[in-house]
A.B. asks: 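One structure follows; several queries about it will come next.
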Amino acid sequence: MSDDDFTPRLGGQRGKDGKTVVRYGGRIAVAARLAGTRTGLRSRRFDGSRIGRGASIGRLLTSRDRLAGFRARRAVVKASLIRLAGKGGQAARAHMRYIQRDGVTREGLPGELYGPETDRADGKEFLQRAAGDRHQFRFIVSAEDGAEYPDLKPYVRRLMAQVEQDLGTKLDWVAVDHFNTEHPHTHIVLRGVDDRGENLIIAREYISHGLRERASELVTLDLGPRTDQEIEARLRHDVDQERLTAIDRRLLRRMDADRTVSAADNDPFQQAVAAGRLRKLKAMELAEDLGGGRYRLAEGLEATLRQMGERGDIIRLMQRELTAHRLDRAGVEQVVETELREPLVGRLIQRGFSDEHRDRHYLLVDGIDGRVHYVDIGRGDATPTVPENATVRLDPRALGVTEADRTVDAVARANGGRYSIDFHLRHDASASQAFATAHVRRLEAMRRAGAGPERQADGSWTIPENHLDRAEAFARRQQRDRPVALTILSSRAVSELVDIEAPSWLDRELASGAPGAARNAGFGREVRSALAARRQWLIEQQLGDGDGQSFRLRANALEKLRQRELESASGRISGQLGKRFEPTRIGERVEGIISRRVDLESGPHALIERSRDFTLVPWRDVLERNIGKAASGIMRADGISWQLERGRAGPAIS
């Protein structure tokens with residue numbers, strides 16, 4: 001028989017009696033599983049991570065990454081897939097504006113988009129090309145030694161060219177380099193289509209491991225492998241760090257089922273740094289000394305060290321910003337509020353990104369309690385823009401199933417799973433039209449978030465049986481995205497409020513009779529001085545009475561100040577418009593065009609313009625998207641219930 005005629009057959013081996021003993025393939029599988037217990041390789045269940053382009057190269061790079069050792073220069077790659085259906089297109093435009101914002105270049109200038117072949121890409125044109133895409137990918141690439149690159153563009157272009165080769169398709173992408181953080185990084189936006197216009201599906205294994213390994217090997221090629229001196233210096237530095245380090249990861253890999261590990265190592269240097277790190281972990285109460293050079297690592301060690309590292313980064317950020325803003329807060333406590341538990345009043349020092357990838361923001365607040373606070377405020381689009389040095393109040397949100405949710409559920413259960421304003425009014429004879437309409441707004445918010453209720457053509461709603469469970473899940477999502485409620489108390493410096501002809505938050509503090517929340521430290525000391533000066537000014541204006549430490553505002557003092565402010569503001573606006581001001585009183589009907597928002601110290605107002613005159617009424621956020629439209633309503637003590645026209649406004653209503 002020639003070699004070419006040989007065909008191997010992996011059938012079953014037969015015993016002497018001719019019966020099959022075991023299939024050959026099964027013996028291989030058993031041997032592989034047994035070998036896995038010694039080599040660390042484990043069989044894995046199907047989890048979808050290998051579906052899509054780049055699956056095989058992702059597996060290869062993952063296995064190579066395990067063998068790479070310490071010499072490769074590290075890179076971090078964060079990735080997310082964004083659906084463009086619904087509000088996704090609006091979010092894509094907002095993200096494009098964000099990555100090109102001011103102050104991200106080395107010179108503090110706005111970021112500039114670039115692409116594979118151009119240094120100046122057109123973001124609007126890119127979004128137009130992507131208008132019909134189902135999704136897009138967003139990446140943040142940060143090389144550990146990226147600061148050594150004079151220009152990141154060549155590095156990013158080579159990385160994306162390698163990704164194209166790995167995925168077997170041309171890619172349509174734009175990027176922006178940011179130098180406004182400790183580690184320079186690049187935001188990359190990639191269209192979710194391949195070179196044939198089909199949906200681009202990238203294997204999760206490639207996104208999780210392949211991209212990072214490609215970014216790492218390129219920076220290693222550019223800057224050279226890390227030398228022994230660099231590696232040893234880094235490990236010595238890591239021994240005393242209160243964060244997750246490479247030494248900790250190695251200890252975690254080596255620990256046994258009882259979480260015990262020793263520093264023993266064939267390499268004397270590695271043994272020395274491991275022993276030093278274990279002593280540090282013991283001092284931090286994250287490891288228990290069992291004697292004989294063995295330690296038991298604490299449960300949740302990795303998560304605890306990650307949290308400690310993040311907190312350390314935040315404290316350094318706070319100190320850096322306080323120095324940059326020339327605020328002497330030596331000895332002032334610095335508080336990291338990842339979850340606000342009580343109201344906070346203070347001056348805004350800075351707003352920034354706690355997580356650029358997920359668009360989560362933080363506020364740095366100089367509190368009247370004499371402390372400096374770092375507060376996570378959730379998604380950036382959930383909190384309005386606030387000017388620096390404005391005085392703000394932050395209140396924790398306690399979101400959950402509301403009474404409105406329970407009422408909607410009760411009405412729907414009594415009406416075959418349907419809800420409408422008519423059903424509501426029949427269910428509760430004491431309810432008003434406005435009260436029922438508030439329930440519809442809640443349903444509309446849940447519908448837009450995909451939380452269950454469906455609106456029918458006749459204006460009624462189909463309410464699922466598990467409506468309350470969905471309402472609770474909706475509230476949890478809101479809590480995560482909007483953990484705090486922010487109120488701007490004043491955009492002016494507190495010293496400018498001493499003699500202002502308008503009601504201010506200082507007056508409300510004085511009226512409360514308990515302005516003692518301001519401590520005699522930090523911003524609290526400035527507020528205490530301003531309160532004392534404002535109290536004296538109010539007495540001189542015959543708006544308050546006091547002697548020594550006692551003080552009280554006179555009746556209608558705040559209303560008199562509000563009228564003074566309105567008169568001053570209306571005079572300025574009257575000169576601009578060439579129209580007279582007509583004040584609106586409780587019970588009167590308001591009609592006209594919503595012209596614009598006017599920010600006053602007493603709060604924001606809407607400028608309602610008519611053919612011959614104008615008026616100012618309290619602002620509501622719903623008016624923002626209706627500027628330029630005709631509106632009408634009745635002025636009440638608690639505001640106006642507006643009726644808005646659907647189309648763009650025509651002639652002004654007299």
Side-chain angles (χ1 to χ4, degrees), residues 343-348 365 367-368 384 386-387 389-395 485-518 523-524 526-547 549-574 581-588 590 596-608 614-621 623 635-640:
L344 169 64
V345 175
R347 176 174 55 199
L348 176 64
V365 179
I368 65 172
V386 184
N389 295 320
T391 305
V392 298
R393 176 186 173 95
L394 297 175
D395 291 281
L486 182 145
T487 304
I488 301 177
L489 299 179
S490 178
S491 58
R492 300 170 183 260
V494 68
S495 59
E496 297 177 11
L497 302 178
V498 170
D499 56 0
I500 189 172
E501 295 270 1
S504 71
W505 72 275
L506 293 180
D507 302 322
R508 293 190 288 275
E509 286 288 306
L510 291 170
S512 70
F523 182 58
E526 297 179 36
V527 171
R528 289 170 70 96
S529 298
L531 284 169
R534 181 65 170 177
R535 184 167 54 231
Q536 184 60 37
W537 183 86
L538 290 169
I539 293 173
E540 293 172 357
Q541 294 290 313
Q542 298 184 355
L543 295 171
D545 299 297
D547 182 17
Q549 293 298 317
S550 64
F551 174 82
R552 65 178 181 82
L553 281 174
R554 293 187 179 181
N556 296 325
L558 295 179
E559 180 60 25
K560 290 178 180 178
L561 285 169
R562 194 180 78 85
Q563 289 300 326
R564 292 186 190 180
E565 182 184 35
L566 279 178
E567 289 173 6
S568 176
S570 62
R572 293 193 305 271
I573 296 172
S574 180
F581 172 68
E582 190 66 36
T584 302
R585 297 170 182 82
I586 301 298
E588 290 184 352
V590 181
R596 59 186 171 90
R597 170 173 165 155
V598 178
D599 289 315
L600 303 179
E601 194 62 36
S602 57
H605 284 66
L607 173 58
I608 308 299
F614 70 93
T615 191
L616 293 169
V617 297
W619 175 265
R620 282 183 54 189
D621 289 339
L623 301 179
M635 184 72 175
R636 298 188 178 90
D638 58 349
I640 301 176

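None of the values given here were measured: they were computed from a predicted structure.
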A.B. asks: Would you say the side chain of L394 lies within less than 4.5 Å of the side chain of V365, judging by non-hydrogen atoms?
C.D. replies: yes

A.B. asks: Would you name the heavy atoms of S570 and F614 that are closest together and state the gap between them?
C.D. replies: O-CZ, 3.6 Å

A.B. asks: Are the side chains of L344 and V392 in touch, meaning some heavy atoms are under 4.5 Å apart?
C.D. replies: no

A.B. asks: Does the side chain of V345 reach to within under 4.5 Å of the side chain of W505, using non-hydrogen atoms?
C.D. replies: yes

A.B. asks: State, without any angle test, whether S568 and R572 hold a side-chain donor-acceptor pair at a distance under 3.5 Å.
C.D. replies: yes

A.B. asks: As a quick check of understanding, evaluate side-chain contact (heavy atoms from CB on, under 4.5 Å) for L561 and L538, giving each step before the final call.
C.D. replies: CA-CA 10 Å; L561 285 169; L538 290 169; 4.2 Å; yes

A.B. asks: Establish, from distance only, whether the side-chain atoms of T391 and S490 form a donor-acceptor pair under 3.5 Å.
C.D. replies: no

A.B. asks: Does either side chain, that of S602 or that of E565, offer a donor lying less than 3.5 Å from an acceptor on the other one?
C.D. replies: yes

A.B. asks: Using side-chain heavy atoms (C-beta onward) and a distance below 4.5 Å, is R393 in contact with P343?
C.D. replies: yes

A.B. asks: Roughly how far, to the nearest 0.5 Å, is CD1 of I573 from NE2 of H605?
C.D. replies: 10.0 Å

A.B. asks: For the CZ atom of F551 and the CG atom of L531, what is their distance to the nearest 0.5 Å?
C.D. replies: 10.0 Å

A.B. asks: Would you check if the side chain of R620 reaches a backbone N or O of I640 as a donor-acceptor pair within less than 3.5 Å?
C.D. replies: yes

A.B. asks: Grab the two heavy atoms, one from E501 and one from W537, that are nearest each other, plus how far apart they are.
C.D. replies: OE2-CZ2, 4.1 Å

A.B. asks: Go through the steps to decide whether R597 and D599 satisfy the test side-chain contact (heavy atoms from CB on, under 4.5 Å), and finish with yes or no.
C.D. replies: CA-CA 6 Å; R597 170 173 165 155; D599 289 315; 2.8 Å; yes

A.B. asks: Judged by modelled atom types alone, do R554 and Q541 share a side-chain donor-acceptor pair under 3.5 Å?
C.D. replies: no

A.B. asks: Nearest 0.5 angstrom please: M635 CE to T584 OG1, how far?
C.D. replies: 6.5 Å

A.B. asks: With rounding to the nearest 0.5 Å, note down the distance linking CG in N556 to CG in L543.
C.D. replies: 10.5 Å

A.B. asks: Report yes if some heavy atom in the side chain of V527 is under 4.5 Å from a heavy atom in the side chain of E509; otherwise report no.
C.D. replies: no

A.B. asks: In Å, rounded to the nearest 0.5 Å, how long is the span from CG of L553 to CG of D507?
C.D. replies: 6.5 Å

A.B. asks: Where do E601 and A502 come nearest, in terms of heavy atoms and distance?
C.D. replies: CB-CB, 3.9 Å

A.B. asks: For S491 versus A390, what's the shortest heavy-atom pair and its separation?
C.D. replies: CA-CB, 3.9 Å

A.B. asks: Could you measure the distance from the CZ atom of R347 to the CZ atom of F523? Nearest 0.5 Å is fine.
C.D. replies: 5.0 Å

A.B. asks: Please check this pair: side chain of E588 against backbone of R585, looking for a donor-acceptor N/O pair closer than 3.5 Å.
C.D. replies: yes

A.B. asks: Evaluate the criterion side-chain contact (heavy atoms from CB on, under 4.5 Å) for residue pair R492 and I500; output intermediate values, then yes/no.
C.D. replies: CA-CA 10 Å; R492 300 170 183 260; I500 189 172; 3.4 Å; yes

A.B. asks: Does the side chain of L348 reach to within under 4.5 Å of the side chain of N389, using non-hydrogen atoms?
C.D. replies: no

A.B. asks: Can a side-chain donor-acceptor contact be found between Q563 and E567 if the only test is distance below 3.5 angstrom?
C.D. replies: no

